[in-house]
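This report refers to the structure that appears directly beneath it.
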Amino acid sequence: MQSNYHPASIEKQAQQHWNDSGAFTASETSDKPKYYCLSMFPYPSGKLHMGHVRNYTIGDVLSRYHRMKGYNVMQPMGWDAFGLPAENAAQAHNVPPAAWTYDNINYMRRQLQSLGLGIDWSREVTTCTPEYYRWEQWLFTRLFEKGIIYKKTSSVNWDPEDQTVLANEQVIDGRGWRSGALVEKRDIPMYFFRITQYADELLQDLDTLSGWPEQVKTMQANWIGKSFGVRFAFEYSTEGGTESLSPASGRELGERAVADTLSSSPSPACGGGKKEKLWVYTTRADTIMGVTFVAIAAEHPLATLAAANNPALAAFIEDCKHGGTAEADMATMEKKGMDTGLKVTHPITCEQVPVWVGNYVLMGYGDGAVMAVPAHDERDFGFAKKYDLPIKVVIRSEERGARSEHPLDPQSSILNPESAFVDYGVCINSGKYDGLDYDQAVDAIAADLTAKDLGEKKVQFRLRDWGISRQRYWGCPIPIIHCATCGDVPVPDDQLPVVLPEDVVPDGTGSPLAKMPQFYETTCPKCGAAARRETDTMDTFVESSWYYARYTSPDCTTGLVDERAKHWLPVDQYIGGIEHAILHLLYARFFQKLMRDVGVFGEGATQNLDEPFKNLITQGMVIAPTFYRIEANGKKLWINPAEVDVKNDERGRPVGATLRADGLPVIIGGTEKMSKSKNNGVDPQAIIDEYGADTARLFMMFAAPPEQSLEWSDAGVEGSFRFLKRVWKATHDHVEQGVVAAYRKGELSSAAKAMRLQLHQTIQKVNDDIGRRKTFNTAIAANMELLNALGKYNDPTPSGRAVVQETLEAIALMLNPIVPHTCQALWSALRPGSDMLDQCFPDADQSALVQDEIELMIQINGKLRGSLTVAKDATRENIEQAALAHEAVVKQLAGATPTKIIVVPNRLINIVA
RNA sequence: GCCGGGGUGAUGGAACUGGUAGACGUGCCGGACUCAAAAUCCGGUGCCUGAAAGGGCGUGGGGGUUCGAUUCCCCCCCCCGGCACCA
């Protein structure tokens, strides 16, 4: 064994050995229980970043731990290879996205391999290859035929200068990121996945995911947003103009045709005559008597109607079309509105209520119109204040006589309301509903609306259908052919895949495929006439929604997956960034259900295949300090931490920083997510080259638990490297002393017994930390403590050395999932001729854990005053007596009699005086 | 704006079910080794007070429940993630 720790040669040798032995090739024929461990696959952006290293190290630690626990482990890897960055890079470097992407993949694969991950590379999938996306297209055609995929128009960000559709990310302060032109909303036809049809199942099945973090389930449940409310209509008479409300202007309404949103029917409700209906949805029907206006979206057909003879309104509606489509922008922008001049009839009071257009009303949610109750809704309140609309209070706080702190509550003595009273309470100023609580009022009002045929209780979801059409080149072609006579025809199986040409360099204007007759000119599969192929591609979220299934059958040419899917699915452990908590994870869950229902997994194979991911870890970000200088033009010049020296004061506090190149000061910024824009990224490759992959892995696992953000620290990396050197040296020094024989029971000194007690306590803790808690940082800390204790334990006798051997072997085994190269070598030294790949993870020796005495803390009035060592089986009386006789207790009590003594077994005694 | 998460020494973090706050690492201080430095090893290190023993304070801020609160409840501040076309 070499006396010094040389990671470069150790790691090369270990990786060679793992490759040669095919150690990580997963087989379906093993008789061990399966463990499918999946990390979110990377986008091939160029090179690995620290977030990847963290993600894949967590996956590898769990894979190797379970392998050592007797599982048949499958850990695959692949590439989420379609996407926008490839098109941007293509434009910047004049190289086709395909070539750029494949180059990146080849470079990043080598980087991943140098991390020593136990990956089955024979299962690698790349989403931009026809072998992969062929099955995505196949599934698309099946879903299209089932009606799960449908077409409707939807709003996109339109850059009028570049004549192209922009992603939300490409819209900055309402302008196109390249052109700087004001972005407009534009309605175009798109294909949608009917995810709302699965809303209830997606919500309910969250309860079955006991291995998911609560926060992720909460976020998904809120995203799906099931609400119980009332959908009802305000009526109004039309004096001409309804004929302009053709169904076509009801685009965006999705399932409900405009005829339903603005339906005509004779109504007996408030006066006779032919009436139109303006539908709204509310979860607060109990406040219906407080409605003082109705707000509709700018795109609402009624707004279009009202604007026909109203140029000011038309201009306002036009103005609402500027700005991006992102919900965060919509929700944070200034609330603006304009009176349409139209009045509608309140369905209960029959009063006339004004209709306003509000820029905050979303056309894509519900009916695109809302009832406004300024007294009891914050947004309506602000709007009413701004435009001086009436505020009618119809709810007071529930407890009679209780003094509310809200000025809008009649029971309050406070005046000048500055916010709405949004709590639930009891109806007032509401005629026959006075005195009813929320549930009673909603029941009564819904019943009255139903009787008038003007509404009913309704369950509504916040979740919207998933639009997947993208007017981009570098994506999976949508397998549809447009025929003048046959309509939208799905591409037949024998014509799949629709291959994306790979030699295209997009120019940033419009969609390249739409300019390529050789791509879009085709014939209709049904009638044979000349037809046009769809030139939109799919949202790249589609590829990442089913890749986990393809890993089970990566080479299958007869279907999306074959029978191997049933062996491996569901994924036992999924690991990825918290930023995917909603969209990706919801889409993947949706796809699992789609594939199940299409029969991808075979007939009668639905058991256990409702959900794709049994256990989930959402890892935090990798963050690092930032440094910058203010340039002459006032802009910040960000400087990489690697080029900066930080000065600390005598207590270690940073007091300043200088640029190494010129020795002049730089400004210390905040600690933020590693990014190109802040130039605070640390290249994993540099760390691997300098310290080895194991040091990088160890630091990543030690610096923070997986779910928290992880702060990069060069000194911390040094510390991890130091620890590996200490383990190496301890093993080396021991092995150099020669072979040891096993000790016999009963011959151990008390120091040796204490050493073994700590060893087996550590083994127990590490099993719990890795297996149950997934807190690798505390597992590593426990091993550090153990090594520190071993350094102090110095027993050169044969039995003493046997305990050292036992401890060093256990340390190598326990650290193996985290630093596998080093432990592979340590094991060879400790057990010549034996292979770490064949070893099991250690279990604690229960007999070593037996203790005769325990230490109890003594508190007086909850304050720590001393401690007491008692026999393990001491009675409560014995403990109390011993505590009362304790020197510190006698002194503190000063003769007083305790009123109460609390004894918490194995922990403490609290004497209350 | 809405949804979710976080805030503990100089610093990354630990304290798992309400029971010893600060494990382990980093930094810093002191010592050993060295001509010297680096590396390595040993000791110390929450703050205030005290010669010491000890005492007081202390988990973003304010309040509450409890014998006992970093942990549970209410209000507030700040930071981060997501918001449907970044992945």
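In the text below, chain A, chain B and the rest are named by the order of the sequence lines, each starting its count at 1.
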From the set [options], return the single nucleotide nearest to any side-chain atom of [X].
X        : options             : value
A:Ile578 : B:G81, B:G25, B:G13 : B:G81
A:Ala167 : B:C85, B:C16, B:G1  : B:C85
A:Ala781 : B:C24, B:G13, B:G19 : B:C24

Return no unless some side-chain N or O of [X] is found under 4.0 Å from OP1 or OP2 of [N].
X        : N     : value
A:Asn788 : B:G25 : yes
A:Arg773 : B:A15 : yes
A:Lys863 : B:G19 : no
A:Arg722 : B:G27 : yes

Watson-Crick/G-U partner (both atom distances under 3.5 Å) of B:G1:
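Paired with B:C83.
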
Between the base of B:C2 and the side chain of A:Glu327, is there a donor and acceptor pair under 3.5 angstrom?
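Donor-acceptor pair under 3.5 Å: no.
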
Do the ring planes of A:Trp474 and A:Phe82 sit parallel (below 30°), tilted (30 to 60°) or perpendicular (above 60°)?
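It falls in the perpendicular class, over 60°.
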
Carboxylate-amine/guanidinium proximity below 4.0 Å for A:Arg876 and A:Glu880:
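The answer is yes: the pair qualifies as a salt bridge.
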
Ion pair check, A:Arg194 and A:Asp465, cut-off under 4.0 Å:
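No, A:Arg194 and A:Asp465 are not salt-bridged.
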
Distances under 3.5 Å between nitrogen or oxygen atoms of protein and nucleotides 67-77 of chain B:
unit_1 : atom_1 : unit_2   : atom_2 : d
B:C67  : O2     : A:Asn910 : ND2    : 2.4

Value in whole Å for how far the [atom2] atom of [N] lies from [atom1] of [X]:
X        : N     : atom1 : atom2 : value
A:Asn222 : B:A84 : CG    : C1'   : 15 Å
A:Trp712 : B:G13 : CH2   : P     : 14 Å
A:Tyr587 : B:G82 : OH    : C1'   : 12 Å

Donor-acceptor pair, A:Arg54 side chain versus A:Gly620 backbone, under 3.5 Å?
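Yes, because the side chain of A:Arg54 sits within donor-acceptor range (under 3.5 Å) of the backbone of A:Gly620.
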
Tell me whether A:Ser709 contacts the main-chain N or O of A:Met621 through its side chain, where contact means a donor paired with an acceptor under 3.5 Å.
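Judged by distance alone, no pair lies under 3.5 Å.
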
If you measure from the P atom in B:C47 to the same atom in B:A52, how many Å do you get, rounded?
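One P to the other, the span is 15 Å.
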
Could you list the donor-acceptor pairs under 3.5 angstrom formed between side-chain atoms of residues 716-727 of chain A and any protein atom two or more places apart in sequence or on another chain?
unit_1   : atom_1 : unit_2   : atom_2 : d
A:Glu718 : OE2    : A:Tyr691 : OH     : 2.8
A:Ser720 : OG     : A:Gly716 : O      : 3.3
A:Arg726 : NH2    : A:Asn788 : OD1    : 2.7

Nearest 0.5 Å please: distance from the CD atom of A:Gln220 over to the CG atom of A:Leu206.
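With rounding to 0.5 Å, CD (A:Gln220) is 5.5 Å from CG (A:Leu206).
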
